[in-house]
Undergrad: 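Before anything else, here's the structure in question.
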Amino acid sequence: MNKDMSNKYIIKGATGDWEIVVGLEIHAQVTSNAKLFSGASTEFGSEPNSNVSLVDAAFPGMLPVINGECVRQAVRTGLALGAEINKFSRFDRKNYFYADLPQGYQISQFAHPIVGEGEVVVELEGGITKTIGIERLHLEQDAGKSIHDQHPSFTLVDLNRSGVALMEIVSKPDMRSPEEAGAYLRKIRTLLRYIGSCDGNMEQGSMRADVNVSVRRSGEPFGTRCEIKNVNSVRFVMQAIDYEARRQVDILEDGGTIDQETRLFDPGKGETRSMRSKEEAHDYRYFPDPDLLPLEFDDAFIDEARESLPELPDAKLARFVGEWGLPAYNAATLVGEKESALWFEDLMGHLVKQTGKPAEAIASRASNWMLSDLFGHLNKVGKSLTDSPVSAEQGAKLLALVLDDTISGSAAKDVLDDMIETGRDPAVIVEEKGLKQVSDTGALEAMVDKIMEANPAQVAQFREGKTKVLGFFVGQVMKESRGQANPAVVNKILAEKLKG
Ligand code: ADP
Ligand code: MG
């Protein structure tokens, strides 16, 4: 597999090139204390069957009552996806039998979803962007969980998840490589986390994806797809697509055909395997749920939801690049997680206040410091921004010392190490360790004179045109000053004096 000149991702088969087509159905658990149609708790990790109301257990005669917060979160999410909000939507029953579905049907939205078409822009390698279409977003309840490994002869059922509110976000078949699918999934997760409608925690199952994959020869109509169910990490989604596409190409190259089927990804083996063919599972006999009124709301409700949205990552990215002059890569990395974007803004706020310099003059350096120094040092001690021992305010104090030449960039790394270890103030550390940079021209000039006197041969070499010995002199001054000379000032003095 490789990329051709137009950055297209292709699979080379014996008889020619194949293109991958991918569409994702993402299930995202709505952040809410209560379930979609009952007041039972949604807390993760509770005792099995402890968060189950009579509605969730489908006792006879129980009636679902819609949780307004889940509706609001779905609308906010739709707005964040740049999607059309449907003022009229309706719940349908999706009928099927399974032990972990006591109602015998799932309440979902089929013909009239709450959110219609939208689109998201994803950032790919090399600064390329691509727009991926959203088909729809609808609300539905989760099912319970069958547990097969707790009893020698029985399957146990935990209904804690039964009735938990999910948003299903369906993409158009717009992705053409594992990378694009990974970038799309990450972008959706970032958006959900920014607006707080889902915690995006894939390990805990708050977000998972059904991955639809087909292959075709370039320019031909879409091929038959297979759907890989419930993949729960970005990496697994990418691996599953890669494996599945190769499997399909092998079949087609051998003259076979693809059966439309549901498959499972086995992360241990890195393979997909058949679960059931589509025909067996398809007749859900959808019909409007007679227990629930349609959802109807007005512009005021939508406007309120829109006003509750924070600045979204795309807008932040544009502002960081356009107004603050950040390199695109730095900006994209910082806005990728809400925490890092907010931390950076906090850092900039303090830095502008402390240095009196305009943001655009210092933002780029501040972003480099945060991404390489701060993240690097935190990484070393196994911490992240959320449990960083260094606050944005302390970070700004340290950076301010570098920006006004009080300490050198390399001294700042030592200070940061100390700050991470001890949580002390940078000024205190600089004082205690004597790290202040010597920028005093008089003192440095005297040092340079002394060194030139002691090394007449090198001075002569320089004057004969071997300007490389400049490095030797810089090294000597740094040694003499025990690393505290300001290198910019030293270079300037040396250039002057060595000319003769
Ligand atoms: P269903 O409801 O049967 O699952 P949909 O038409 O809603 O079918 O499609 C589900 C998902 O499959 C969507 O994300 C869509 O983009 C994707 N999809 C549809 N056709 C293809 C195809 N030929 N190859 C890959 N993905 C596809
Ligand atoms: Mg589907």
Side-chain angles (χ1 to χ4, degrees), residues 8-11 18-28 77-78 81 83 86 89 92-96 105-120 122 130-140 166-185 187-189 207-231 237-238 240-249 251-252 257-265 272 274-287:
K8 250 192 185 164
Y9 195 86
I10 49 176
I11 302 177
W18 296 85
E19 184 183 65
I20 305 181
V21 174
V22 178
L24 296 188
E25 295 161 275
I26 298 174
H27 289 92
T77 307
L81 298 174
N86 294 325
S89 65
D92 298 292
R93 288 187 181 177
K94 179 178 183 178
N95 299 282
Y96 66 96
Y105 57 85
Q106 177 193 30
I107 305 179
S108 181
Q109 295 187 307
F110 185 59
H112 297 279
I114 186 165
V115 174
E117 292 186 324
E119 54 186 38
V120 295
V122 299
K130 176 165 177 172
T131 303
I132 309 291
I134 304 285
E135 180 69 40
R136 59 189 273 158
L137 175 157
H138 63 256
L139 278 168
E140 63 184 28
L166 301 178
M167 297 180 282
E168 177 167 337
I169 304 167
V170 183
S171 84
K172 306 217 167 180
D174 284 351
M175 288 153 271
R176 294 290 175 272
S177 68
E179 282 70 27
E180 288 183 15
Y184 168 77
L185 189 54
K187 185 63 179 271
I188 295 285
R189 187 175 58 185
M207 197 175 145
R208 49 193 201 258
D210 296 344
V211 187
N212 295 272
V213 181
S214 66
V215 298
R216 65 172 175 184
R217 294 190 191 276
S218 182
E220 290 196 345
F222 287 155
T224 303
R225 71 188 149 104
C226 289
E227 178 174 0
I228 310 153
K229 279 281 182 200
N230 276 331
V231 189
V237 164
M238 294 171 66
I241 293 169
D242 191 60
Y243 176 88
E244 179 59 19
R246 287 162 185 270
R247 186 187 73 86
Q248 293 180 15
V249 165
I251 292 173
L252 294 169
T257 51
I258 305 300
D259 296 327
Q260 184 173 344
E261 60 181 0
T262 303
R263 299 179 69 84
L264 278 181
F265 179 66
T272 65
S274 185
M275 197 172 134
R276 58 172 187 254
S277 79
K278 193 78 185 174
E279 285 75 29
E280 292 166 40
H282 217 190
D283 193 3
Y284 292 121
R285 304 287 299 272
Y286 281 102
F287 65 87

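All values below were derived from every heavy atom in this structure, side-chain atoms included, with hydrogens, water molecules and symmetry-related copies excluded. Counting convention: from 1, in listed order, for ligands and their atoms alike.
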Undergrad: Number the atoms of ligand 1 from 1 as they appear, then name those within less than 4.0 Å of a heavy atom of S214, with their elements.
TA: 22 (C), 23 (N), 24 (N), 25 (C)
Undergrad: Looking at every heavy atom in both T77 and M167, which two are closest together, and how far apart are they?
TA: OG1-SD, 3.4 Å
Undergrad: Would a distance-only check, ignoring hydrogens and angles, find a side-chain to backbone donor-acceptor pair under 3.5 Å from D92 to Y286?
TA: no
Undergrad: Okay, side chain of N212, backbone of G23: is any donor-acceptor separation there less than 3.5 Å?
TA: yes
Undergrad: For ligand 1, which atoms sit closer than 4.0 Å to a heavy atom of L24?
TA: 14 (O)
Undergrad: Tell me the contacting part of K172 for ligand 1: side chain, backbone, both, or neither, using a 4.0 Å heavy-atom threshold, strictly below.
TA: backbone
Undergrad: Look at K172 together with E119 and state whether they make a salt bridge at an N to O cut-off of under 4.0 Å.
TA: no
Undergrad: Is there a polar contact, in the sense of an N or O pair closer than 3.5 Å, between V213 and ligand 1?
TA: no
Undergrad: Applying a 4.0 Å heavy-atom criterion (strictly less than), which segment of N212 is in contact with ligand 1: side chain, backbone, both, or neither?
TA: both
Undergrad: Give the atom numbers and elements of ligand 1 that come within less than 4.0 Å of a heavy atom of S171.
TA: 13 (C), 14 (O), 15 (C), 16 (O)
Undergrad: With nothing but distance in play, are any N or O atoms of E227 less than 3.5 Å from an N or O of ligand 1?
TA: no
Undergrad: Between E180 (side chain) and R176 (backbone), is there a donor-acceptor pair under 3.5 Å?
TA: yes
Undergrad: Just by distance, do the side chain of S108 and the backbone of E140 share a donor-acceptor pair under 3.5 Å?
TA: no
Undergrad: With atoms numbered from 1 as shown, which atoms in ligand 1 lie under 4.0 angstrom from a non-hydrogen atom of G223?
TA: 23 (N)
Undergrad: Can you find an N or O of P173 that's nearer than 3.5 Å to an N or O of ligand 1?
TA: yes
Undergrad: May I ask you to decide whether E168 forms a salt bridge with K94, counting only side-chain N to carboxylate O separations under 4.0 Å?
TA: no
Undergrad: Take R285 and N95, measure what side chain to side chain donor-acceptor pair (under 3.5 Å) needs, and give me the verdict at the end.
TA: CA-CA 6 Å; R285 304 287 299 272; N95 299 282; over 6 Å; no
Undergrad: What atoms of ligand 1 come closer than 4.0 angstrom to any heavy atom of V170?
TA: 13 (C), 14 (O)
Undergrad: Between T224 and ligand 1, find which residue part has any heavy-atom pair under 4.0 Å and reply side chain, backbone, both or neither.
TA: neither
